[in-house]
*Asks:* 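Starting off with a structure, shown below.
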Amino acid sequence: TNRPTLDAEAMRGHARKALKQVLWSRCQSASDIDKSEDEVSHLADDIELKLYNLHNQDVNPKYRSKCRSLLFNLKDTKNQGLFKKLVLGELTSRQIVRMSPDQLASEELSEWREKTMKKELDMIKEVAIEAVQMSSSGTIRKMTYKGEVEIERPTEIDGPNDKADEVSSTTPEVPPGDVKTA
């Protein structure tokens, strides 16, 4: 019964160790950051604790996913802003664990996401415009077992084919027994 607790503690320990490694590596390569290994270790422990508490003290899939996201974004050498704000204290541990993926991402990645999203929205608009144009032109698309097929839309809706509608109003109907011959 202690196994889940041991697994959770092992995962938390791994998360703390990974955060320390990433932060310490980035601090060593940054000439303008002067932090001791103990300070970095304390920061990594604090980030993991805030993350653990945010997820109701459970090492669930959301905890692990957020941990991976933090590691990815802190490790990204193009993401100088996030790393420096965190290490210099402009961003707290509590704030960083609550940031969305877009807020964590580097400017370059954010711009790429924005361009991709705009491109996808433009494609959706084009498809919608094409569908409206086709529906106003009298053709519609229909999915069949053969694939997508364009068919002409009927101009009028025909009702049931009643014989009574086809009888001419100029010819009076006379019941068969009422016919008189001279």
Side-chain angles (χ1 to χ4, degrees), residues 1-135 141 143 147-148 150:
T1 56
N2 282 340
R3 185 168 170 79
T5 307
L6 292 174
D7 287 344
E9 282 306 311
M11 282 189 256
R12 290 187 65 207
H14 180 71
R16 286 190 295 269
K17 182 179 174 186
L19 283 165
K20 286 176 197 172
Q21 286 175 341
V22 166
L23 291 172
W24 182 240
S25 170
R26 292 289 308 273
C27 283
Q28 288 178 315
S29 63
S31 58
D32 57 339
I33 304 288
D34 186 30
K35 294 285 181 182
S36 71
E37 193 170 354
D38 284 344
E39 288 174 304
V40 172
S41 179
H42 177 71
L43 178 60
D45 290 344
D46 194 43
I47 292 170
E48 190 283 329
L49 179 63
K50 297 294 190 289
L51 182 61
Y52 184 65
N53 288 337
L54 178 67
H55 292 281
N56 301 318
Q57 297 183 341
D58 187 19
V59 182
N60 55 29
K62 285 184 179 183
Y63 167 93
R64 293 191 299 270
S65 176
K66 184 65 172 194
C67 191
R68 281 191 299 272
S69 178
L70 285 170
L71 288 168
F72 173 82
N73 286 293
L74 288 170
K75 195 182 292 187
D76 184 3
T77 54
K78 295 175 186 169
N79 200 345
Q80 289 293 326
L82 179 71
F83 165 71
K84 286 186 177 181
K85 285 178 186 176
L86 180 65
V87 173
L88 297 174
E90 296 172 26
L91 191 62
T92 67
S93 300
R94 184 179 188 279
Q95 289 171 319
I96 197 168
V97 299
R98 295 174 186 277
M99 290 172 76
S100 72
D102 286 337
Q103 292 170 323
L104 289 170
S106 66
E107 283 184 40
E108 182 181 338
L109 185 57
S110 293
E111 288 172 8
W112 177 81
R113 283 181 182 163
E114 194 173 311
K115 285 178 187 175
T116 303
M117 192 80 110
K118 186 180 181 327
K119 195 182 230 181
E120 288 175 2
L121 285 173
D122 289 344
M123 288 172 54
I124 291 169
K125 284 179 188 176
E126 285 178 30
V127 169
I129 289 169
E130 185 180 310
V132 168
Q133 288 172 344
M134 289 192 72
S135 67
R141 288 186 177 173
M143 285 301 293
E148 193 172 9
E150 287 184 14

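The figures that follow rest on heavy atoms only: side chains count, while hydrogens, waters and symmetry mates do not.
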*Asks:* Hey, does V40 have a side-chain heavy atom less than 4.5 Å from the side chain of V87?
*Replies:*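 They are not in side-chain contact.
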*Asks:* Is the shortest heavy-atom distance from the side chain of M99 to the side chain of L70 under 4.5 Å?
*Replies:* no
*Asks:* I'd like to know if the side chain of N56 reaches the main chain of D58, judged simply by a donor and an acceptor atom lying under 3.5 Å from each other, with no hydrogens or angles considered.
*Replies:* no
*Asks:* Is D76 reaching over with its side chain to a backbone N or O of A105, donor-acceptor style, under 3.5 angstrom?
*Replies:*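 Here the side-chain-to-backbone pair does not exist.
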*Asks:* Indicate the atoms forming the closest heavy-atom contact of L71 with V22, along with that distance.
*Replies:* CD2-CG2, 3.9 Å
*Asks:* Side chain to side chain contact (heavy atoms under 4.5 Å, CB included) for N53 and V97? Distances and angles first, verdict last.
*Replies:* CA-CA 10 Å; N53 288 337; V97 299; over 6 Å; no
*Asks:* If the condition is side chain to side chain donor-acceptor pair (under 3.5 Å), which residues does R16 pass it with, not counting sequence neighbours?
*Replies:*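 Partners of R16 by the side chain to side chain donor-acceptor pair (under 3.5 Å) criterion, ordered by chain and then number, come out as E48.
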*Asks:* Do the side chains of I47 and L23 get nearer than 4.5 Å, heavy atoms only?
*Replies:* yes
*Asks:* Kindly check if the number of other-residue, nucleotide or ligand heavy atoms within 6.0 Å of CZ (R94) is above 12?
*Replies:* no
*Asks:* Sequence neighbours left out, what pairs pass salt bridge (charged side-chain N to carboxylate O under 4.0 Å, His left out) with at least one residue falling in residues 30-41?
*Replies:*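 Residue pairs with at least one partner in residues 30-41: D32-K84.
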*Asks:* Given the rule in the side chain to side chain contact (heavy atoms under 4.5 Å, CB included) test, do S69 and N73 qualify, once you have shown the distances and angles that lead to the verdict?
*Replies:* CA-CA 6 Å; S69 178; N73 286 293; 3.5 Å; yes
*Asks:* If you define the side chain from C-beta out and look only at heavy atoms, does anything of D46 sit under 4.5 Å from T92?
*Replies:* no
*Asks:* Could you tell me whether the side chain of C67 reaches within less than 4.5 Å of the side chain of H14, counting heavy atoms only?
*Replies:*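 H14 does not reach C67 side chain to side chain.
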*Asks:* Donor-acceptor pair, distance only, cut-off 3.5 Å: does the side chain of R26 make one with the backbone of L74?
*Replies:*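 Checking the backbone N and O of L74 against the side chain of R26, a donor-acceptor pair under 3.5 Å is found.
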*Asks:* Can you tell me how far apart OG (S93) and CG (L49) are? Round to the nearest 0.5 Å.
*Replies:* 9.0 Å
*Asks:* Taking all atoms of both residues into account, what is the closest heavy-atom pair of R98 and Q103, and its distance?
*Replies:* O-OE1, 4.4 Å
*Asks:* Any side-chain heavy-atom pair from E9 and R12 closer than 4.5 angstrom?
*Replies:*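 Yes, close enough: below the 4.5 Å cut-off.
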*Asks:* Under a 3.5 Å distance rule, please check whether Q28 uses its side chain to pair with a backbone N or O of S25 as donor and acceptor.
*Replies:*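 Checked: no pair found.
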*Asks:* To the closest 0.5 Å, what do you measure between CG (L121) and CD (E126)?
*Replies:* 11.5 Å
*Asks:* Supply the atom-to-atom distance I33 CD1 to Q80 CD, rounded to the nearest 0.5 angstrom.
*Replies:*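 These two atoms lie 8.5 Å from each other.
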*Asks:* Tell me if a side-chain donor or acceptor on T116 pairs with a main-chain N or O of W112 at a distance below 3.5 Å.
*Replies:*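 Checked: pair present.
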*Asks:* Between Y52 (side chain only) and Q57 (backbone N and O only), is there a donor and an acceptor less than 3.5 Å apart?
*Replies:* yes
*Asks:* Quick check on M123: does its CE atom have over 12 non-hydrogen neighbours (other residues, nucleotides or ligands) under 6.0 Å away?
*Replies:*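 Check fails, neighbour count at 12 or below.
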*Asks:* Go through the steps to decide whether I124 and V127 satisfy the test side chain to side chain contact (heavy atoms under 4.5 Å, CB included), and finish with yes or no.
*Replies:* CA-CA 5 Å; I124 291 169; V127 169; 5.9 Å; no
*Asks:* Heavy-atom distance under 4.5 Å between the side chains of Y63 and L54, does that happen here?
*Replies:* no
*Asks:* For the residue pair V59 and D7, establish whether any side-chain heavy-atom pair is separated by less than 4.5 Å.
*Replies:*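 V59 does not reach D7 side chain to side chain.
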*Asks:* Quick one: closest heavy-atom pair of F83 and A30, and the distance?
*Replies:*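 Taking F83 first and A30 second, the nearest heavy atoms are CE2-CB, 4.3 Å.
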*Asks:* How far apart are the closest heavy atoms of K66 and I96, and which atoms are they?
*Replies:*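 Reported closest heavy-atom pair: CE-O, 4.2 Å.
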